[in-house]
Amino acid sequence: MNGCVLHVVGTRPNFVKAAPVVAALGAAGCDQVLVHTGQHYDARMSDIFFRQLGLPRPDTDLGVGSGSHARQTADLLVALEGELAARAPALVTVYGDVNSTLAAALVAAKLGVPVAHVEAGLRSFDMAMPEEVNRRLVDQLAELLFATSPEAVGHLAREGVAAERIHLVGNPMIDTLLTHLEQFDAAGARAAHRLPERYGVVTLHRPANVDDPQSAAAAARVLADAARHLDLVVPLHPRGRAALSAAGLADTPGVHLLDPLGYVEFMSLVRGAAAVITDSGGVQEETTVLGVPCLTLRTTTERPVTVTHGTNRLVRHGELVPALRKLLDGGGAAPPEGPPLWDGRAGGRIARVITGWLERHG
Ligand code: UD1
Ligand code: UDP
């Protein structure tokens, strides 16, 4: 096997998805380089995940940080070009749909380095979401496409991606969840945050929900209504903090605002929750596997398998409180089996495809 596999990660969800792939390739004896773009940089958005998930310390942190889409993507492109040119990897592996993912795939493609995309083929069909733009472009550039669900395979096939490049491998985010499941101490987390027996967990960070003051105020109002029925613990992503605080969320009875939590603390709270209210991609998947009811405050999802095979339901603002009351009254249907191949072995499947590919092309 010649040449290294260079992983590019930059944000909280990237770390959760990359950890099992890096571990499995390490176990297979693969030469690896881990590049952190620095898109997320607060200790609670970055360092804590490396510690808790056993990710190796990044070989490089490019320190790109925040900015408008154009500024951030431009800075990512320039920084990644230097890094990839210097390291000359055999393959660049990218995760999910964030700006770091797009920038890494674009730089690699222009340098002639093949790209592997973990979590390929998800589609919300809403081009107003920056993630949808990123996903579609990355999938056009990738040589190896790792899909988490049969729908994703179907989307890629319809977009003309050759079948031999698509691999249905399951979900590495769920590998991470199952690896750490025993550490998720729901009772301890509830006590630490002085929550009642029944509580809900809320995360909100999508631009459509938190960026402009009217949207944030509408979200804060509907959460205040929900908190009349269930205490809500809200570890706030930095993106929503200012707007949701300005909308009065911090002073709402029954709402417990927190800083972003480490993975184990967060998943401990989710594991014990009566319900989760979110707009996160990953949280829709994690609740499905934990069997915790999830109400997603969005009109679309790129993860419909969490609705058909899990506990997820999309709700508009006006539907949230009735849906919450129904499930608190025991009206939630029993969750089905769970999506196929979400069994904790996706990292190993991805590593086998990559090592086989390296033997043929390295
Ligand atoms: C990014 C992804 C989004 C993903 C989310 C996961 C893009 C376009 N969006 O959104 O798909 O769901 O990560 O969490 O890539 N900030 C901090 N500290 C940090 C990081 C960010 O304070 O460590 C603040 C900054 O004010 C920054 C804002 O959060 O401007 C947004 O950060 P950014 O990385 O641009 O996008 P996210 O909203 O985090
Ligand atoms: N997460 C965490 N602490 C938090 C919120 C989230 O550890 O306070 C984890 C959780 O596993 C989630 C992942 O970070 O699935 C990604 O989170 P986020 O919602 O930011 O990203 P998305 O999946 O929407 O891109």
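Along the sequence shown, the residues carry numbers beginning at 1. We count ligands from 1, going down the list as the structure has it; atoms in each ligand are counted the same way.
- The shortest contact between atom 6 (C) of ligand 2 and any protein heavy atom is with Arg12 CZ, 3.6 Å.
- A donor-acceptor pair shorter than 3.5 Å cannot be found between the side chains of Gln52 and Gln183.
- A distance of 9.0 Å separates CG in Leu91 from SG in Cys4, rounded to the nearest 0.5 Å.
- Nearest protein heavy-atom contact of atom 3 (N) of ligand 2 is Leu261 O, 2.7 Å.
- For ligand 2, the atoms lying closer than 4.0 Å to a non-hydrogen atom of Phe49 are 2 (C), 7 (O).
- Side-chain contact between Leu195 and Leu269: present, with at least one pair of heavy atoms (C-beta onward) separated by less than 4.5 Å.
- What sits closest to atom 23 (O) of ligand 2 on the protein, heavy atoms only, is Gly282 N, 2.7 Å.
- The aromatic rings of Tyr95 and His7 sit parallel to each other, their planes meeting at less than 30°, with 60° as the upper class boundary.
- Look at Gly96 and you'll find every heavy atom at least 4.0 Å from all atoms of ligand 2.
- Distances from ligand 2 to the non-hydrogen atoms of Phe15 include no value under 4.0 Å.
- Contacts of Arg298 classified as salt bridge (Lys or Arg N to Asp or Glu O under 4.0 Å), with partners at least two apart in sequence or in another chain: Glu302.
- Each of the atoms 8 (O) of ligand 2 lies under 4.0 Å from some heavy atom of Pro235.
- Residue Pro20 forms a side chain to side chain contact (heavy atoms under 4.5 Å, CB included) with just one option from Leu178, Asp175, Val118, and that option is Asp175.
- In this structure, His36 and Phe50 have parallel ring planes: the angle between them is below the 30° cut-off, well short of the 60° mark.
- The Ser280 neighbourhood of ligand 2 comprises atoms 18 (P), 19 (O), 22 (P), 23 (O), 24 (O), with distances under 4.0 Å to a heavy atom of that residue.
- Among all protein heavy atoms, the one lying closest to atom 25 (O) of ligand 2 is Pro13 CG, 3.4 Å.
- Per-residue contacts place Gly281 under 4.0 angstrom from the following atoms of ligand 2 (heavy atoms of the residue considered): 22 (P), 23 (O), 24 (O).
- Residue Met173 places a heavy atom less than 4.0 Å from ligand 2.
- Proximity of Phe266 to ligand 2, defined as any heavy-atom pair under 4.0 Å, is confined to the side chain (atoms from C-beta onward).
- Using a distance-only test at 3.5 Å, with no hydrogens or angles considered, no donor-acceptor pair links the side chain of Ser215 to the main chain of Asp211.
- Looking at Glu286 against ligand 2, only its side chain comes within 4.0 Å, counting heavy atoms.
- Residue Arg345 places its CZ atom among 12 or fewer non-hydrogen atoms of other residues, nucleotides or ligands, all under 6.0 Å distant.
- Residue-level proximity to ligand 2 for Glu285 is absent, since no heavy atom of it falls below 4.0 angstrom.
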*asked:* Set out, in order, the CA-CA distance, both residues' side-chain angles and the distance that settles side chain to side chain contact (heavy atoms under 4.5 Å, CB included) for Leu181 and Leu290, then state yes or no.
replied: CA-CA 9 Å; Leu181 188 61; Leu290 291 173; 3.7 Å; yes
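- Within 4.0 Å of ligand 1, counting heavy atoms only, the contacting residues are Pro13, Gln39, His40, Tyr41, Asp42, Met45, Ser66, His69, Gln72, Val98, Asn99, Glu131, His205, Arg206, His237, Pro238, Arg239.
- Less than 4.0 angstrom separates some heavy atom of Gly262 from each of these atoms of ligand 2: 7 (O).
- At least one heavy atom of Arg206 sits less than 4.0 Å from an atom of ligand 2.
- Ring geometry for His205 versus His237: interplanar angle under 30°, hence parallel rather than tilted (30 to 60°).
- In terms of modelled atom types and a separation under 3.5 Å, the side chain of Asn14 and the main chain of Thr11 share a donor-acceptor contact.
- Between Thr203 and Ser280, the side chains place no donor N or O within less than 3.5 Å of an acceptor N or O (distance only, hydrogens not considered).
- Checking each of Glu119, Gln284, Glu151 against Arg303 for a side-chain hydrogen bond (donor to acceptor under 3.5 Å, both in side chains) leaves exactly one that passes, namely Glu119.
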